[in-house]
Amino acid sequence: MKRTSRFLIFIFAALAAFSAVWAGAQRIDSDGTRRDRDRLKAAYIYIEAANAYADERFDDYYMLLRRAAALDPDDPFIAGEIAEMDMISPLTDSIRGEKAYADIRRRFLAAPADLQIADSYIKAASNIGNVDDLLEAWTILDSLRPDRADVSLNLAQVLVIKSLRGDSAAYPRALAIYDRLLDAIPGDIGITSQKIRAFSAWRDTASIRHEISRLVATAPDNVNINLYAGDTYAALAIPDSARKYLDRALELEPESGRVFIARARFFENSGDKEEFDREIFNALQASDLEFDPKFEILAHYVSGLFSDPANRPRIDAMFARLLELNPGEPRLHALYGAYEESQDNNDSAIEQYSYSLDLDPMQSDIWMAYLRLLSIEERVAPALEGARRAMKLFPDEITYPLAAAGNLLFQQKKEEALALLDSISPAALTDPIKASRLHGFRGDLFEAVGRRDSAYAEYDRAIRLNPRNSMAMNNMAYFMALDSINLDLAKTYASMAVSDEPENPTYLDTYAWVEFRRRDFPEAKRLIDLAMQAYLIPADSVVQEVWIDTAWSEQDSALVVPEEEVVVDEVNEVLEPSGEIFDHAGDIYFWNGLHKEAAEFWEKAAILLPEDEKIRKKAKFKTYFFE
C-alpha cells in the first residue's frame, strides 16, 4: 500500500474515532472507569502513529499502535493496522496469525466501502485460500459498487471456483453476472473471455461456441473480435472455424502486423511451414509493428529452426529483410552473430558482433562472445584492440584485461602482459574467484619469462583464493614435478585437478608426470594412457564411426597411435597429443620396460618438436637419458 494512501486511512479512521467519543469524553462510567477518555486518547495516539509512519519511523509507528490498541482494544482500525504488521512478521505464530486475520476481516466489515481496506482483506483471504471469505468480500463490494465491472468479474470468478468445489448454486450466479455485464457492454472481449473461461472450466464446448457466435454478432467487422474468435477456436482444436475468423481478420486489415502474428501462430501450431514462413515475413515487414515485437518474432523463429541446416536459407532471408528495415538495431546484429556462431560461421559471427558493438558498446556479453571468437580464429591484433576497448568500458570486469594479456603473451610480449595485469582496478578483484584467475594467469606469465619462484607464489595465491582453481593446481603441480620438489604436494594438486576434470588430457598428463617423478611407474603409465585416450576423443564429442590402425603391445592393452592418418567419418576434428606428451609417454613407457613403444613415442615427439635436442637424442638412440 502506498505510504500516502495509508496515511489518509489513518487520518480518516482516527477522525471517525475522535468524533465518536468526543460527545461522551467527559462522562465517567458508574464503576469509575474512563473508557471514553481512553478511546479519545487512543484516537490521538493513532494520529501520532500515522505521523510516525509518514516520517518512516516504523519502530515508533508500531509502538504507538500497540499503545492505542491497549487503550481501545475494540477499535477495528487500530487492530487492523497491527494485524497487517503481524501478518508479514516472521515472528508471528499460527495463533497470532489467526487473530491478525480476524482483525483484518473485522476492519473490512467496519468499512467495506474503503477499497484500500477491502484490498487488504482480500489479499489476506487469498493468501490463506479462504474462498468463503473471498466470496463474502466480493459479494459485499458488488452490492456497494454494482457499477464496477472489475468487482463483478472478481465475484463471478470466485463463484466459478465455488461451483467447481460442489456449490451447485454458484455457477448460475456467475453466469448471471457475466450476462448482466455483457448486456451493459455488448461485445466486450474481456468480459466474454472470462465467461468463456468459466465454460472451459466445465468443459462446455457447446456454450463456448455459442458465446463466440454471440460476440461476433455484436460487431462482425471488428478485427479484434475476429482475432479472438480465431484464437479461441484454435485453442479448441477446431482449425476450420479458426481459419475462417483469421481469414476474415486479414480481409479487414490486410497489412496489420498483429493479424500476421496471429495467423503465424496458428500455422505454426498446425505444422504448415510454408504458410508460417509467409506470415512471419509479412509480420516482419508490417509498418504498424515496432521493432521489439519483430525482434521477438525473429528470435522465436530462429530458436525453433536453427538446428536444421535445411532451414538456413529461410533464416538468412529473415535476417536480411529485418536488417534492411532496421539497420541500426544492435540487438539484431547480436542475434545474427549468435546464430552464425551456432552454425560455426565464425567470420560472419565476428562481423555481426562488431556491428552490434559499434552501435551499442555497453554490451558486456557481446564483447565476451566477440573476443572469444577472435581468439579462436587467432586474430591477435583485433582481439587485443577489442580487449583494450572493453577494459575502458568495463573497468571492474577482470575478463578483459586477462584477454588483453593473453593476446600480448601470444605475441611474446610477456613483460608488457605482466605490466597490463598490474594496472587492473582493485574493484575488479573483490571477488576471490576473479582474483584467483588473475593470480593464476600471472603465474603463467612469470613462468613464461623464466621467473619460476614468482610463478609458484602466484599459483599459491590463486589456490588459496579459490581451492577449485584446477588450472592453477595443474600448472603448479607440473612445474614442481619438473623441479622434483615437494612431489607429494604436487600429487595432491594434480589429483584434485583431475578430479574436477577427469577427461582433461592436459591434467591427466601432468598427473602422470608427477607420478613418474615420484617413481610410481605403473601408475604413471595408467594415467598417461588415459591422457592419450582422452586426446583421441573428437573435439565435438560426436563420433559415429572411427577406424584407427592401432598397434597393441603383447604385454598390455596400451593403445599406441601409429604415424598413419586417423580417419574419422562425420566428425569435424580429432585432437592429437602434443610433442611434449609423446615425450612423456616415451619416458614413462621406457621405465615400464616397454622400450619399443617408448621409441615410437619419442619418434613422434621428435617430429613435432624438431628443435628439442634431448628428444632427438632419445629418438635416435632409442633409450632414456638422465637429465
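Keep in mind it's a predicted model, so treat the numbers as computed, not measured.
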- Task: Kindly indicate whether a cation-pi arrangement holds for R372 with W367, taking the cut-offs as under 6.0 Å to the six-membered ring centre and within 45° of the axis.
- Result: no
- Approximate separation, where rounding is to 0.5 Å, of K273 NZ and I280 CD1: 14.0 Å
- With a 3.5 Å cut-off and no angle check, do the side chains of Y456 and N486 form a donor-acceptor pair? no
- Message: Could you check, using the six-membered ring where one of them is a Trp, whether F521 and W513 have ring centers closer than 6.0 angstrom?
- Response: no
- Presence of salt bridge, D460 and R464, under 4.0 angstrom: yes
- Query: Using the benzene-type ring in the case of Trp, are the ring centres of Y353 and Y355 under 6.0 Å apart?
  - Reply: no
- R616 bridged to D612 by N-O distance under 4.0 Å: no
- Query: Does the pair R526/E523 count as a salt bridge with the N-to-O cut at 4.0 Å?
  - Reply: yes
- Message: Would you say the ring centers of W591 and Y624 fall short of 6.0 Å from each other?
- Response: yes
- Query: Can we call the ring centroids of Y301 and F276 under 6.0 Å apart?
  - Reply: yes
- Query: Less than 4.0 Å between a side-chain N and a carboxylate O, is that true for R263 and E275?
  - Reply: no
- Task: Using a strict cut-off of less than 4.0 Å between a Lys/Arg side-chain nitrogen and an Asp/Glu carboxylate oxygen, indicate whether K622 and E603 qualify as a salt bridge.
- Result: yes
- Query: Would a 4.5 Å heavy-atom cut-off, applied to side chains only, mark P395 and Y400 as touching?
  - Reply: no
- Message: Strictly below 4.0 Å, N to O, side chains only: are K618 and D583 in salt-bridge contact?
- Response: yes
- Query: Among side-chain atoms of S578 and E580, is any donor-acceptor pair under 3.5 angstrom?
  - Reply: no
- Message: Less than 4.0 angstrom from a charged side-chain N to a carboxylate O is my criterion; do D272 and R278 meet it?
- Response: no
- In terms of ring plane angle, is the pair H595 and F590 parallel, tilted or perpendicular, where the classes change at 30° and 60°? parallel
- Message: Could you check whether N504 and E501, counting side-chain N and O atoms only, form a donor-acceptor pair closer than 3.5 Å?
- Response: yes
- Query: M480 and R517: side chain to side chain contact (heavy atoms under 4.5 Å, CB included), yes or no, with the steps?
  - Reply: CA-CA 10 Å; M480 291 169 76; R517 290 292 194 175; over 6 Å; no
- Mind telling me whether H584 and Y478 have parallel, tilted or perpendicular rings, with 30° and 60° as the class edges? tilted
- Does CD belonging to Q411 count more than 12 external heavy atoms closer than 6.0 Å? yes
- Message: What verdict does the salt bridge (Lys or Arg N to Asp or Glu O under 4.0 Å) test give for E268 and R265, after you've listed the backbone C-alpha separation in whole Å, the side-chain angles of each residue and the deciding distance to 0.1 Å?
- Response: CA-CA 5 Å; E268 181 182 26; R265 184 168 56 243; over 6 Å; no
